[in-house]
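Sequence positions, counted from 1, serve as the residue numbers for this chain.
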Amino acid sequence: MGSQNDSSLQAIRYHRGSLQLLDQRKLPLDTIYLEIRDAAEGWEAIREMVVRGAPAIAIAAALSLAVETSKLDGFSGTPDEAASFLKKKLEYLVSSRPTAVNLSDAATKLTEIVTISAATATDANQVFLAYIEAAEIMLEDDVASNKAIGSHGSSFIQNQQNNSKKLSVLTHCNTGSLATAGYGTALGVIRSLHTDGVLEHAYCTETRPFNQGSRLTAFELVHDKIPATLIADSAAASLMKTRHVHAVIVGADRVASNGDTANKIGTYSLALSAKHHGVQFYVAAPLTSVDLSLSSGNEIVIEERSPKELLNTRGGMGEQVAASGISVWNPAFDVTPANLITGIITEKGVITKTGDDVFDIKGFVHKTMSN
């Protein structure tokens, strides 16, 4: 079983008992896969951004534990003890990247599965097998979900633009095959627009300070032969003013129940510029990125990363470029208020605002869950 069955890029290579993650810190110059043998190595790969992107983080975490679980030959405990072992490992994995709700959502679902399995299992191996199979299904479902996001997003944006024959879009960070199990969310919408023959041009930001845009999104766009241009983060407002941009499409690490959205730092600035220039602003994310327990973005925990990412080149891995002794503030994400967002593109359709200009995300989720 692999993460994809086509020629697109693979961030995750998986067969039962074996997991390899593409080291995205080395892209675009070197393509190196790291072998992940257990949850501890999965935690480290997520924390150190070997793998990144909310959907991919969740899948990589789940599969790292699946690989460890497949090799537990000497486990002699009861089914309940097997379930307890898995739950503790999942709690540990969630601590690797706390902002991305997909990871905690996946851990919650997998915890429920092992709990149910333990209640009826006659030995620990049955619980472990139930976990492995559930993690593998998550991998398959993520690709299907992303392709549905792409299809819904392309159709909706074309309709909103009165079926204009050629559209130009801007995206931020990386939300493609490298950030998911395959195809992508926001970049998946761009891929679908291109496939539908309506994409004139895609613009991607460099995405400071880790350069996921210039290193990864640009890499994917060139790989897929999509007409594209890289811009500096600080050039986005000028781009919207001087060149015709029909829409901004970004991903999400967490969406609050009112539509406030946490995404890579710089997204909020893009949304403000889009509002000023009358450009539609879309968030593309699976429903697993929606956190109905949060009433607004004020409750989203924003992770701060190493000062080295600003002080040194290559996301902190290269030579020093900043003055020694300077203080650094390096939040990994910011929160875009719902009032700046045109629509939220999901695998079940596009969430739009009601008559009073607010998102009824809870109603949308409950409706789709009941269908």
Between Q158 and S154, is there a side-chain donor-acceptor contact under 3.5 Å, judged purely by atom types and distance?
yes
If I take atom CD1 from residue I57 and atom CZ from residue R97, how far apart are they, to the nearest 0.5 angstrom?
4.5 Å
For Y282 and Q280, what are the C-alpha separation, side-chain angles and deciding distance, and is it a side-chain hydrogen bond (donor to acceptor under 3.5 Å, both in side chains)?
CA-CA 7 Å; Y282 294 98; Q280 294 176 355; 2.6 Å; yes
Measure from the side-chain N and O atoms of S64 to the backbone N and O of A61, and report whether any donor-acceptor pair falls under 3.5 Å.
yes
Any carboxylate oxygen within less than 4.0 angstrom of a Lys/Arg side-chain nitrogen, looking at R305 and E303?
yes
Atom NZ of residue position K88 - does it have more than 12 heavy atoms of other residues, nucleotides or ligands inside 6.0 Å?
no
Check: H201/T229 side-chain N/O donor and acceptor closer than 3.5 Å:
yes
OG1/T267 to CG/D253 distance, rounded to the nearest 0.5 angstrom?
9.0 Å
Output for pair (T288 OG1, D105 CG), nearest 0.5 Å, gives 5.5 Å
Are I12 and I59 close enough that some pair of their side-chain heavy atoms sits under 4.5 Å apart?
yes
Under 3.5 Å side-chain donor-acceptor pair for D80 and T78:
no
State, without any angle test, whether S192 and Y183 hold a side-chain donor-acceptor pair at a distance under 3.5 Å.
yes
Scan side-chain atoms only and decide if T115 and K87 contain a donor-acceptor pair under the 3.5 Å cut-off.
yes
Side-chain heavy-atom pair V255, D260 within 4.5 angstrom cut-off:
no
Between N258 and S296, is any side-chain donor less than 3.5 angstrom from a side-chain acceptor?
no
Do I231 and E206 touch side chain to side chain, with heavy atoms closer than 4.5 Å?
no
Without swapping roles, check the side chain of Q212 against the backbone of T217 for a donor-acceptor pair under 3.5 Å.
no
Lys/Arg-Asp/Glu bridge criterion (N-O < 4.0 Å) met for E220, R191
yes
Could you please spell out the steps behind the salt bridge (charged side-chain N to carboxylate O under 4.0 Å, His left out) verdict for K89 and E68?
CA-CA 10 Å; K89 291 283 186 176; E68 179 175 346; 3.1 Å; yes
Value rounded to 0.5 Å, distance of CG in N125 from CZ in F75
9.0 Å
Under 3.5 Å donor-acceptor, R215 side chain and L27 backbone
yes
With a 3.5 Å cut-off and no angle check, do the side chains of H246 and S168 form a donor-acceptor pair?
no
Taking the basic N atoms (NZ, or NE/NH1/NH2) and the acidic carboxylate oxygens, is any pair closer than 4.0 Å for D233 and R208?
no
Which residue in the set N146, L216, T175 passes side-chain contact (heavy atoms from CB on, under 4.5 Å) when paired with L187?
T175
Check whether any side-chain heavy atom of F281 sits under 4.5 Å from a side-chain heavy atom of L270, and report yes or no.
yes
Backbone of L294 reached by a side-chain donor or acceptor of S257 within 3.5 Å
yes
Beyond-backbone contact of L167 with L193, side-chain heavy atoms, under 4.5 angstrom
yes
For R52 and N174, test the side chains for any donor-to-acceptor distance below 3.5 angstrom and give the result as yes or no.
yes
Residue pair E299 / S295, side-chain donor-acceptor N/O under 3.5 Å:
yes
For atom NZ of K348, is the number of surrounding heavy atoms from other residues, nucleotides or ligands below 6.0 Å larger than 12?
no
Does a donor on one side chain and an acceptor on the other come within less than 3.5 Å for E304 and N330?
no
Just by distance, do the side chain of H152 and the backbone of E347 share a donor-acceptor pair under 3.5 Å?
yes
State whether the side chain of T108 and the backbone N or O of S104 hold a donor-acceptor pair below 3.5 Å, judged by distance alone.
yes
Other residues, nucleotides, ligands: >12 heavy atoms within 6.0 Å of H276 NE2
no
Side chain H194, main chain I190, donor-acceptor under 3.5 Å:
no
Taking atom OG1 of T354 and atom CG of D360, what is their separation to the nearest 0.5 Å?
7.0 Å
When you measure from the side chain of D23 to the backbone of R25, do you find a donor-acceptor pair of N or O atoms at a distance under 3.5 Å?
yes
Are more than 12 heavy atoms from other residues, nucleotides or ligands located less than 6.0 Å from atom NZ of K353?
yes
Check whether any side-chain heavy atom of F128 sits under 4.5 Å from a side-chain heavy atom of V114, and report yes or no.
no
Between Y33 and E35, do the side chains contain an N or O donor and an N or O acceptor separated by less than 3.5 Å?
no
Nearest 0.5 Å, what's the NZ-OG distance between K147 and S151?
11.5 Å
Tell me, do V290 and L287 make a side-chain contact under 4.5 Å, heavy atoms counted?
yes
Is atom OH of Y268 surrounded by more than 12 heavy atoms (other residues, nucleotides or ligands) closer than 6.0 Å?
no
Would you call V169 and V248 a side-chain contact if the rule is heavy atoms closer than 4.5 Å?
no
Do the side chain of D291 and the main chain of S293 share a donor and acceptor less than 3.5 angstrom apart?
yes
Side-chain donor or acceptor of D123 paired with backbone N/O of Q126 under 3.5 Å:
yes
